[in-house]
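This report refers to the structure that appears directly beneath it.
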Amino acid sequence: MWISNEQFLGDLGMGAMHLEQGGYTMHSKSFAESIFAERDIRWIVGAHVKQVEAGKVEYELLDSTFHEQSFDFAMLIPPFAGQEMKAFDASGEDITSTIFAPSGYMKVDADYTPKPYAEWSADDWPKKLQNPTYSNMFAVGIAFAPPHQISQPRKSPNDTLITPAPPRTGMPSATMARAVAENIVDMINGVSDTPTRTASMAQMGAACIASTGKDFFTGTAAAMTVYPVVPDYAKFPDTGRDQSLTSGEVGLGAQWIKHTLHHLFIYKAKLKPFWSVIPE
Ligand SMILES: Cc1cc2nc3c(=O)[nH]c(=O)nc-3n(C[C@H](O)[C@H](O)[C@H](O)COP(=O)(O)OP(=O)(O)OC[C@H]3O[C@@H](n4cnc5c(N)ncnc54)[C@H](O)[C@@H]3O)c2cc1C
């Protein structure tokens, strides 16, 4: 049983996707539901987990009804949240709200002006990942404060926010980290006073391969690519994404790629010879 705060399966915190697959376009809802149905996994969506006790989880649905699900074995992925850090300036004044958003993430060069969902734009997303007040502070990956969700936020009549957070998976996190690290090197070496490379999630793609059966000959994996991660309806009015770079496929080949990436990732993390040429 899969319990998720997504409004529908396949939203993935990215407001869903239209995936190119063998010459056809498939909505990520159909893609995800088919994978789950084939593996006999049932799902409950639009759900906010309120409480977990031994053998029992309690959740609220978007219509504010409360339900329970019993389990023998469960895994809970907690909601994204920043570290509970306080910040002080040289005189000891508390500058936590200058550095961090209420969620605990660091504020960077995003447009945090509160706006209705219909006015959200790809341009709201940060490009340099630099704190606007302190130019020597940067945050990448999970650590930066997104300007808003990617999926349309939904609340139950009880005012409980039931919506997935923007995913910041490995590949975008590493792409941001590389751009910011190279910018910091340039700033330290006096090459530039300001960051010259950008890494906006609205201008980068991501690839994700999820194992759906681990066997070298009979296994499968779901491979997905998306460009850009944050939809840009100004550039791509139909779906918000470049359809030639947004795809989904399930198969044995993807399982081999997953296996290969696993070893490449560990190799790179150990900084073995030529690690830096392995892409994020
Ligand atoms: C269950 C799960 C499965 C995932 N699977 C995939 C996948 O298949 N593919 C994929 O691309 N991504 C996957 N991800 C996402 C991926 O792990 C993250 O996107 C990525 O790790 C984010 O990198 P980061 O550097 O921003 O944060 P992290 O990797 O979380 O690094 C933050 C680091 O900061 C340290 N830290 C925290 N607080 C302090 C402190 N006060 N002082 C010092 N250090 C501190 C932490 O210990 C941690 O090492 C998965 C995530 C989860 C939870």
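Here, residue 1 is the first one in the sequence, and each next residue gets the next number. Remember, it's 1-based here, ligands and their atoms both numbered in the order they're listed.
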- Message: Please tell me if atom 12 (N) of ligand 1 is touched by the protein, where touching means a protein heavy-atom distance below 4.0 Å.
- Response: yes
- Per-atom contact, atom 9 (N) of ligand 1, protein heavy atoms, under 4.0 angstrom: no
- Task: Report the nearest protein non-hydrogen atom to atom 15 (C) of ligand 1: residue, atom name, distance rounded to 0.1 Å.
- Result: Thr169 CA, 4.0 Å
- Considering all protein heavy atoms, does one lie under 4.0 Å from atom 44 (N) of ligand 1? no
- Message: Tell me whether atom 36 (N) of ligand 1 lies less than 4.0 Å from at least one protein heavy-atom position.
- Response: no
- Closest approach of any protein heavy atom to atom 27 (O) of ligand 1, naming residue and atom: Ile142 CG1, 3.8 Å
- Query: Among Cys208, Gly170, Ser173, which residue places a heavy atom closest to atom 16 (C) of ligand 1?
  - Reply: Gly170
- Protein contact of atom 38 (N) of ligand 1 - nearest heavy atom, named by residue and atom, plus distance: Gln83 CD, 3.4 Å
- atom 1 (C) of ligand 1: closest protein heavy atom, distance to 0.1 Å, is Ile77 CD1, 4.6 Å
- Determine, counting only non-hydrogen atoms of the protein, whether one lies under 4.0 angstrom from atom 22 (C) of ligand 1. yes
- Answer with yes or no whether the side chains of Asp111 and Thr113 bring together a donor and an acceptor at under 3.5 Å. yes
- Side chains of Tyr105 and Phe144 in contact at under 4.5 Å (non-hydrogen atoms): no
- Task: Decide, yes or no, whether a salt bridge links Asp124 with Lys115 under the criterion of side-chain N to carboxylate O below 4.0 Å.
- Result: yes
- Mind checking whether Val49 and Glu60 have side chains closer than 4.5 Å, heavy atoms only? no
- Which ligand 1 atoms, with their elements, are less than 4.0 angstrom from a heavy-atom of Gly141? 26 (O)
- Query: Which ligand 1 atoms does Lys258 reach within 4.0 Å, using its non-hydrogen atoms?
  - Reply: 8 (O)
- Query: Which pair of heavy atoms, one from Gln243 and one from Leu19, lies closest together, and at what distance?
  - Reply: NE2-N, 4.4 Å
- Task: Give the residue and atom name of whichever protein heavy atom lies nearest to atom 19 (O) of ligand 1, and the separation in Å to one decimal.
- Result: Arg168 O, 2.4 Å
- Message: Looking at Thr169, is its backbone amide N or carbonyl O close enough to the side chain of Ser173 to form a donor-acceptor pair, meaning the two atoms are under 3.5 Å apart?
- Response: yes
- Query: Do Asp186 and Arg197 sit within salt-bridge range, that is, some charged N less than 4.0 Å from a carboxylate O?
  - Reply: yes
- Using a strict 4.0 Å threshold on nitrogen-to-oxygen distance, state whether Glu58 and Lys50 make a salt bridge. no
- Item | Heavy-atom check, side chain of Lys270 versus side chain of Trp275, under 4.5 Å | no
